[in-house]
> 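Take this structure, written in structure tokens, and hold onto it; I'll ask about it next.
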Amino acid sequence: MRLAVSASILSALLAVSPAMAADCLQERAIYGDADGAYELRFEPVGSTSAVTSNHFKVMVGKTGLVLDGIVMQSGEPERANGMIMNNCPEGDVTGDDIAACTVWQGVIYSVGADGKVASLPGEGIAAASQVLLPDFGPSIRNSPIWGKATVAPWDALTLKGCGQ
């Protein structure tokens, strides 16, 4: 009984209030995985003419690795398709170059405080309570960063703060 009460208190303390999500815009949202090993930090795109709808960094705890993430709206129906990359070359690169440095690729879903799954919000919209990156953990395990990264993240990351 005591364990159940402690666990429910801990869950309540760790949960992000709907007010926090409403007060934070998606381009400033900071998410973390269940083990505290990964932090996903959104940042402003910086251009209204950009082909990307969101940018973010993924910090891999205790490694010094910082991965680059982008989101592009595409497909039919339109979805938030994301990519997480490590040390991609810049400039004129080939598809093979991008594939070699891509750690994860897929649709990024948002999960609201009510549990409703939707597309990732764009800039200027209230941050999602959670983001879901399907197969994120297995992709990390099968990527070149595995070895330096030793914990595979959960696919769901929870809003834990709002950046400046």
Side-chain angles (χ1 to χ4, degrees), residues 7 10-11 13-17 20-21 24-47 50-74 79-91 93-113 117-123 125-164:
L10 180 60
S11 293
L13 291 173
L14 293 177
V16 172
S17 71
M20 178 194 232
C24 184
L25 297 179
Q26 189 62 52
E27 65 267 23
R28 299 289 183 205
I30 302 168
Y31 297 89
D33 73 316
D35 295 321
Y38 290 78
E39 181 179 274
L40 192 150
R41 186 177 286 261
F42 280 87
E43 53 193 33
V45 172
S47 172
V51 296
T52 55
S53 60
N54 303 83
H55 289 179
F56 58 92
K57 300 281 187 201
V58 177
M59 278 60 90
V60 183
K62 300 179 184 175
T63 67
L65 284 172
V66 178
L67 311 174
D68 296 307
I70 60 165
V71 180
M72 294 182 290
Q73 301 294 324
S74 62
R79 297 184 198 205
N81 288 288
M83 291 178 69
I84 297 174
M85 300 160 287
N86 182 44
N87 291 326
C88 280
E90 294 188 24
V93 297
T94 67
D96 289 340
D97 293 333
I98 297 296
C101 64
T102 299
V103 173
W104 175 87
Q105 183 173 348
V107 176
I108 300 179
Y109 297 99
S110 68
V111 182
V117 176
S119 189
L120 181 72
E123 287 195 357
I125 300 173
S129 295
Q130 291 186 322
V131 292
L132 179 63
L133 288 71
D135 292 328
F136 185 40
S139 293
I140 293 289
R141 279 190 180 271
N142 293 313
S143 76
I145 70 166
W146 189 250
K148 193 166 189 180
T150 58
V151 174
W154 292 94
D155 293 353
L157 294 101
T158 302
L159 184 66
K160 67 178 203 174
C162 192
Q164 297 299 323

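Quick caveat: nothing in here was measured; it's all calculated off a predicted structure.
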> According to the interplanar angle, ranging from 0 to 90°, do the rings of Phe42 and Phe56 count as parallel (below 30°), tilted (30 to 60°) or perpendicular (above 60°)?
tilted
> List the steps and the verdict of side chain to side chain contact (heavy atoms under 4.5 Å, CB included) for Val45 and Glu27.
CA-CA 8 Å; Val45 172; Glu27 65 267 23; over 6 Å; no
> If you measure from OG on Ser143 to CE on Met85, what distance do you get to the nearest 0.5 Å?
13.5 Å
> Nearest 0.5 angstrom please: Asp155 CG to Gln130 CD, how far?
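That separation rounds to 11.5 Å.
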> Please report the shortest heavy-atom distance between Thr150 and Gly147, naming the atom on each side.
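Distance-wise, the nearest heavy atoms are CG2-O, 3.5 Å.
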> For a quick test of reading the model, state the closest non-hydrogen atom pair linking Ala29 to Ala127 and the distance between them.
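Of all heavy-atom pairs spanning Ala29 and Ala127, the closest is CB-CB, 3.7 Å.
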> For the backbone of Gln164 and the side chain of Arg28, can you confirm whether one donor and one acceptor N or O come within less than 3.5 Å of each other?
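Yes, the answer is positive, given that a donor and an acceptor are paired below the 3.5 Å cut-off.
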> Side chains of Val58 and Val103: closer than 4.5 Å at any heavy-atom pair?
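Not in contact.
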> Restricting to non-hydrogen atoms, name the atom on Ala100 and the atom on Pro144 that form the minimum distance, rounded to 0.1 Å.
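Taking every non-hydrogen atom into account, O-CG, 4.5 Å.
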> Above 12 or not: heavy atoms from other molecules or residues under 6.0 Å from CG of Asp97?
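Enclosed.
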> Looking at Asp68, Leu133, Thr102, Ile145, which one forms a side-chain contact (heavy atoms from CB on, under 4.5 Å) with Ile84?
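So the option named by the test is Leu133.
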> Without swapping roles, check the side chain of Tyr31 against the backbone of Ala156 for a donor-acceptor pair under 3.5 Å.
no
> May I have the step-by-step check of side chain to side chain contact (heavy atoms under 4.5 Å, CB included) for Ile98 and Met83, ending in yes or no?
CA-CA 10 Å; Ile98 297 296; Met83 291 178 69; 3.5 Å; yes
> Could you report the tightest heavy-atom contact between Trp154 and Ala34, atom names first, then the distance?
CD1-CB, 3.2 Å
> Nearest 0.5 Å, what's the NZ-CZ distance between Lys160 and Arg41?
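So the NZ of Lys160 and the CZ of Arg41 are separated by 7.5 Å.
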> State, yes or no, whether a side-chain contact exists between Gln73 and Val71 at a heavy-atom distance under 4.5 Å.
yes
> Determine yes or no for a side-chain-to-main-chain donor-acceptor pair under 3.5 angstrom, with Trp104 supplying the side chain and Pro134 the backbone.
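Checking the backbone N and O of Pro134 against the side chain of Trp104, a donor-acceptor pair under 3.5 Å is found.
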> Closest heavy-atom contact between Gly137 and Ala152?
O-CB, 3.7 Å
> Check step by step if side chain to side chain contact (heavy atoms under 4.5 Å, CB included) holds for Phe136 and Asp33.
CA-CA 11 Å; Phe136 185 40; Asp33 73 316; over 6 Å; no
> Do the side chains of Ile140 and Val60 get nearer than 4.5 Å, heavy atoms only?
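A side-chain contact under 4.5 Å is absent here.
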> Measuring from atom OG of Ser53 to atom CD1 of Ile125, what distance do you get when rounded to the nearest 0.5 angstrom?
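That separation rounds to 9.5 Å.
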> Please report the shortest heavy-atom distance between Asn54 and Pro121, naming the atom on each side.
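Shortest heavy-atom contact: ND2-O, 3.2 Å.
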> Would you give the length of the straight line joining atom CD of Gln105 to atom CG of Asn81, rounded to the nearest 0.5 angstrom?
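Here the rounded value is 7.5 Å.
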> Nearest 0.5 Å, please: how far is CD in Glu39 from CD1 in Ile30?
5.5 Å
> Determine whether more than 12 heavy atoms belonging to other residues, nucleotides or ligands lie under 6.0 Å from atom CE of Met72.
no
